[in-house]
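The structure appears right after this line, and notes come after that.
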Amino acid sequence: MALAASPARALDPVAITGNEAAIELTDRVDLYRNQGSSFQVSTAPGTDGIVRRIEVDANDERSSGDWAVFSISNPTDRQIDRLIVAPHFRLVNSGMIWPDLGSSRIAAITPSEGFALDRQAAPDADVFLVTLNPGSIVTFVAELASPDLPQLRLWEPEAYKDNVNSYTLFRGIVIGIAGLLALFLTILFVVKGTSLFPATAALAWSVLAYISIDFGFLTRVIEITPGNEQIWRAGAEVALATTIVVFLFAYLNLNRWHWHFSYAALAWVFGLLMIAGVATFDPAIASGIARLSFAVTAVAGLGLIGFFAIQGYDRAVMLIPSWLMILAWLAAAYMAVTGGIDNDIIQPALGGGLVLVVLLIGFTVMQHAFAGGGLQQGLFSDLERQALAVTGAGDTVWDWDVTRDKIVTRPDIARQLGLEANSLHGPARNWLPALHSDDRDTFRTLLDVILEHRRGRISQAFRLRGADGHFHWFTLKARPVIGSDGEILRCVGTMVDTTEQKKAEERLLHDAVHDNLTGLPNRQIFASRLDALLSVAKSEDAIRPSVFVVDIDRFKQVNDSLGISAGDTILLTVARRLHRILKPKDSLSRIAGDQFALMLVSEQDPVRVAAIAEAVRDAISAPITFAKREIVLTASIGLVSWTINTSNAADMLKDAELAMHQAKRFGGDRIEPFRPAFRTGGSDRLQMESDLRRAVERGEMQLAYQPIIRLENGTIAGFEALMRWEHPRRGAIPPGEFIPVAESCGLIVQLGQFAMQKAADDLHEWLQLAGDLPLFVSVNLSSRQLLRRDLVSDVRSVVARASIKPRNFRLELTESLVMDNPEQAAHVLAKLRQIGIGLSLDDFGTGYSSLAYLTRFPFDTIKIDRSFVEDASPKRLVLLRSMVNMAHELGLSVVAEGVAQDSDAEELREFGCEYVQSFAFGKPMSAGEIMRMLKEKPAPAAAAE
């Protein structure tokens, strides 16, 4: 049974009113891959609202096991006949490297009611006639003959016939011109038998073959069995790629410049001929290579032509226009095959453009044939050049005959607007009704000023209304023509349609003040609206706005674990949920990556405002389903309400943000109203963050090392590195204050890297003094460091730069840190263990304390938390003995923290505990103090661990 991964588009029927010439069905089709020869699917709800299921068996040997489903409804009271059309080949979006070269698309179509549809005779498409009864809703199941369905349309029969006939006429004309051109160039080769002309004739014949296959003309001349049209199409593209190489080589006469050109061209052509053989069993790859070859030839040819033109080679100079047209055609073809241009006109237009390119090349070659190849000068007068330039630019000529008060445009601008032909030709006042109401006075005044002053220029942008009621932007640039009597005879200039440019400007303006992802206003617009509202609130008692700032907790972890696309989807979902809570008077904005701001105007009662805040919190915490996973988010919400002392929007928004940050400091997932005391805390935190960013480079960060004592003989086994910050003004700042700030602003990774490298370097110096004493150093790891993909390479680099053995370097992690992301932690710790790094589980017994995780993670040491050692209950010794025995059974060594009495140390030694760490056995020392201690009184060597 086939089930769609997302809400089925096929269950939303396409309604037919009877007036449409063609309806695009491609985006309304659900495709089901690899479903086999029997297929079941639910239908669209019928007129009675009932959803039924139908089962269809494949009856055609061309069936690929893929199926397509779509629905059509006839809401009218009359019977409607339509054609379902799926073209065999479509150049648009066919692909560049491994293109789709076309094939039969649909083997059969079965409706949910009635009989299978009748196939209509058509050589280039699968066409089926469907009759829809009045008021019916029919679901169609298409048995696909190939995996791809590039286009599916529903046509009115007569409109489809007219469409086919119109393209047939165009294609016939283009093929006729191409055939005559190929024949003429072949005759020219007979008359003028140099190598240039057979190469040009071969190019013309390959173009003729290509467009004959592309236009479906070849199937009418010779019989091509089904499935072989791909081979023919690939062969034509290979021929086109080959002949363009041959033409470029022959035209530029490259063999006279360097013999390397001959070898390169020969190898290139030989490779393409081999690709022609590949086309017989894999047409797609042959066509893809041919397309790449054509593109490379065009780009390389431009470089050769430019180089030889600079050298003064006439042939290269004359080929420049033709080659630029080839590059323009290549750019349009690339946009077509990659989907950048998506319409039905581009494919025949590219065929006609290719013929035009060969025609221009033919003219260039004929000039060599009949004029000796010399570049003729002075072919056009200045007036003709200007006329050709205007025509080539595609501008419209605007001519106002002032004496007769008649405006004429060439070509007729009225046709472009969909109006009646020549409707805008005549007096200038005829333009006023078509102009936008905001532009009429400006247009009239501009013409009057020109007439009054008898000089000046017209440069004006205005809007003209089309037949469909939409306005088109035009830019008019003109200047007056003065007669011998000083009066203006006429004004002549050009009009350029700048509608797309204006739309682009409007889009840029919209994007400048709106979020690109959610479409919500950004921070600037939110602040501007709030400022306007605050100015009203000072005089209106009914306006008392409240501002919420909502920040999603730990959203970066969602992006890191699920990917940015998942994060974007979640943000869109949150935005929609928040928008549903608000009323029309209220406003929602996205002011940062995972932060939203709400302006609440509809409620003033504090109880109702608090209820809205709870609703916001509940909306965010509701589970979000993504990729068959439920994601539960929490949010920190800062809330501030208007008071008489509120001065501006920036301050109010800043207060809400301070409240939000305070909610985060309390652990998140809470609503925090603003209190004036937050301003001092926020500024202190910002100042601390600013100072912390420069603390490392200024040498303010130092490490203190607390000894870890071996209980067996009382010697120093190693040290735990502790971060210390000596602030130049505030003095020593405890880690409990600056570590959370470093974690929130992302500096913890930099500090952790500093701590690891500094500790490793100090250990290297100690080991040089200690000789064989097996000292180690232990460094604490943060959550951000553990989740970084580069942690393993960073640790390996630290050990290598310090020239110490990996076993002498240890990392300490807490249970809660490991349990934040156990899968990632297990992967990273296993990698660290492979390079020989020691791993210690800190604060054992205070977190999850799951014995299963001790076996899952590759720790070699556990550190018993001081709370168990300092516990005065009778069960203390039982717990300590159990922990030590369990660790030894698992092959782990034990460090006991917080040992204050010698008796406690003796008890731990009897239990088998290897190490102790506390102020009673050694206070934190600087690296220099440890160096002096090792110089003055080295500890005795102990057995290696």
Side-chain angles (χ1 to χ4, degrees), residues 24-27 29 31 33 62 64 66 68 85-106 122-126 142 144-153 163 167 171 174 206-207 209-219 224 226-242 244 272 275-276 278-298 326-355 357:
E24 187 68 50
L25 298 178
T26 310
D27 295 334
V29 175
L31 296 178
R33 308 288 189 187
R62 296 175 297 169
S64 63
D66 302 319
V85 180
H88 290 170
F89 174 72
R90 198 163 181 262
L91 183 65
V92 172
N93 219 7
S94 62
M96 182 71 181
I97 304 300
W98 206 294
D100 179 4
L101 297 178
S103 64
S104 178
R105 302 296 180 180
I106 300 178
D124 302 327
D126 294 320
L144 299 183
S146 66
D148 298 320
L149 187 63
Q151 187 184 71
L152 189 69
R153 281 186 178 173
N163 180 71
Y167 281 122
R171 290 167 177 169
V174 172
S206 65
V207 169
Y210 174 79
I211 63 172
S212 296
I213 295 171
D214 193 55
F215 290 171
F217 177 73
L218 191 64
T219 57
I224 299 178
N228 287 344
E229 62 272 8
Q230 298 180 0
I231 299 176
W232 284 87
R233 190 177 300 279
E237 294 188 6
V238 171
L240 191 60
T242 304
I244 192 70
L272 289 172
I275 295 300
V278 174
T280 58
F281 58 87
D282 195 340
I285 191 172
S287 176
I289 295 175
R291 293 181 180 186
L292 288 175
S293 173
F294 192 94
V296 171
T297 303
I326 288 177
L327 292 173
W329 181 90
L330 184 65
Y334 175 78
M335 294 178 66
V337 299
T338 55
I341 303 177
D342 187 0
N343 54 55
D344 294 337
I345 300 176
I346 185 62
Q347 185 168 339
L350 285 174
L354 194 57
V355 174
V357 168

Mind running side chain to side chain contact (heavy atoms under 4.5 Å, CB included) on L354 and L240 for me, showing each step along the way?
CA-CA 11 Å; L354 194 57; L240 191 60; 3.8 Å; yes
Could you go through N93 and V337, starting from their C-alpha distance and side-chain angles, then the distance that decides it, and tell me whether this counts as side chain to side chain contact (heavy atoms under 4.5 Å, CB included)?
CA-CA 4 Å; N93 219 7; V337 299; over 6 Å; no
List the steps, then state whether side chain to side chain contact (heavy atoms under 4.5 Å, CB included) holds for I244 with I326.
CA-CA 10 Å; I244 192 70; I326 288 177; 4.2 Å; yes
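S293 contributes no side-chain N or O that, together with a main-chain N or O of I289, makes up a donor-acceptor pair within less than 3.5 Å.
Taking 4.5 Å as the limit, every side-chain heavy atom of V85 sits out of range of all side-chain heavy atoms of L152. The shortest distance between side-chain heavy atoms of L31 and L144 falls below 4.5 Å. Between L149 and T26 the shortest side-chain heavy-atom distance does not fall below 4.5 Å.
A pairwise comparison of heavy atoms in S103 and S146 identifies OG-CB, 3.4 Å as the closest pair. Closest non-hydrogen pair, A336 versus I346, comes out as CB-CG1, 3.9 Å. For the pair L350 and A332, the tightest heavy-atom approach, listed with the atom from each and the gap, is CD2-CB, 3.9 Å. Counting all heavy atoms, side chain and backbone alike, P147 lies closest to D66 at CA-OD2, 3.3 Å. Nearest heavy atom pair, residue P99 against residue R291, reads CB-NH1, 3.3 Å. R105 approaches A86 most closely through the heavy-atom pair CB-CB, 4.1 Å.
To the nearest 0.5 Å, the span separating CD on Q151 from CG on D27 amounts to 10.0 Å. Summarising the geometry, atom CD belonging to E237 is positioned 11.5 Å from atom OG1 belonging to T242; distances are rounded to the nearest 0.5 Å.
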